[in-house]
Protein chains: 2
Amino acid sequence: MSWEERLNQAGWRVTMPRRVVLRVLQQARRPLSPQEIHARGRRIHPSLGLVSVYRALEVLEQAGLVRRVHREARCDGYILASPGHHHVLICRRCGRAVEFPGAEDLSGLIDQVERRTGFRVEDHLLQLIGLCAPCRGSGPA
Amino acid sequence: MSWEERLNQAGWRVTMPRRVVLRVLQQARRPLSPQEIHARGRRIHPSLGLVSVYRALEVLEQAGLVRRVHREARCDGYILASPGHHHVLICRRCGRAVEFPGAEDLSGLIDQVERRTGFRVEDHLLQLIGLCAPCRGSGPA
DNA sequence: TCTCTTACTGAAAAAATTTTTCAGTAATAT
DNA sequence: ATATTACTGAAAAATTTTTTCAGTAAGAGA
């Protein structure tokens, strides 16, 4: 099924901004911000508005056609740090965040990725999202 | 070593905003945005400025006393998505982002976390940061 | 304890990002 | 072809983050 069909099936229309955003991302070699996508998109279709880029990204992300990357810069939300490397567990219902230790657990996966991609992995960001014990019991999922 | 000593050793001063931000985060039960930290901090020390909260977070994060949490909302940077769940590998030098499949790799870790914390893990965000093959060869680390 | 140095501070202003509003346009079903 | 309404771009509003600057206070050294 083409992405056009996927959009249509989900009740969305196939429009110029969505087409252009997708094409820009296909040609990109690194994650792009909305501004960057807009600038590049305008070279393809000069009337493309920045607001439409925001809106297109929202729809395309919901449709699973685009993935948001979280990078060090420009994300808020802070918790207290424990010493050493920790992963973070976040409850999607109450927002509680819990740290848990462990880097070793990933070494197998990291080895595999290094072998397959040629990357040298230096650091990682792992966040697990779910429901904490109290929230599992109370109210609607 | 106390956090005050850690700051001093790293050449930073122990100041009111840093003290207040840390105290607010100690009392918080979920990740807080700079704005939220500011609002709560003012209840402890009404002259606290928002700008100082930003600056304190920056320093405390560098000192390893505070950890930034990346959440779905409010992060830019997009890449094209492949179907299904993928992790993301990002080169810190050239910015290239590569997806790689795999959720099974984490099942052991997730089981362990669920047992120890009572959370039910539904989703996760894993990003590996490192150097891609071309960047490993060229220029300064 | 006093004094000096300068890393810090809050407030205001500037810059940048994101959302809302609105009148008009164009994608799709019929 | 036509009708419906999901979409569009631009402007304005709201929000977030950074910069600037004159003054303050942390901490080193006497």
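None of the values given here were measured: they were computed from a predicted structure.
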Tell me: OH of Y54(A) to P of dT16(D), nearest whole Å? 13 Å
For M16(B) and dA26(D), what is the distance between atoms CE and P respectively, to the nearest whole Å? 9 Å
Do any side-chain nitrogens or oxygens of Q35(A) fall under 4.0 Å of OP1 or OP2 in dA16(C)? no
Just to confirm, is there a sub-4.0 Å distance from OP1 or OP2 of dC8(C) to any side-chain nitrogen or oxygen of R18(B)? yes
Tell me: CZ of R55(B) to C1' of dT24(D), nearest whole Å? 13 Å
For atom NE2 of H38(B) and atom C1' of dT9(C), their distance in whole Å: 12 Å
Taking only residues two or more places apart in sequence or in another chain, which ones pass ring pair (Phe, Tyr, Trp, His ring centres under 6.0 Å) with F100(A)? H87(A)
Verify, without hydrogens or angle tests, whether E114(B) (side chain) and V121(B) (backbone) share a donor-acceptor contact under 3.5 angstrom. yes
R6(A) (side chain) donor-acceptor with A63(A) (main chain) under 3.5 angstrom: yes
Could you state the CD-P distance from E4(A) to dT28(C), rounded to the nearest angstrom? 9 Å
To the nearest Å, how far apart are R13(A) CZ and dA3(D) C1'? 11 Å
Within the pair T15(A) and dT8(D), is there a side-chain N or O less than 4.0 Å away from OP1 or OP2? yes
Taking CG from L7(A) and C1' from dT28(C), how many angstroms apart are they, rounded to a whole number? 13 Å
Select base, sugar-phosphate, or nothing to describe what R19(A) touches, counting heavy atoms under 4.0 Å on all strands. nothing
Using whole Å, what does the distance between atom P of nucleotide dT8(D) and atom CZ of R42(A) come to? 14 Å
Using a strict 4.0 Å threshold on nitrogen-to-oxygen distance, state whether E61(A) and R67(A) make a salt bridge. no
Nearest heavy atom decides the nucleotide; on that basis, is N8(B) or E58(B) closer to the 5' end of DNA chain D? E58(B)
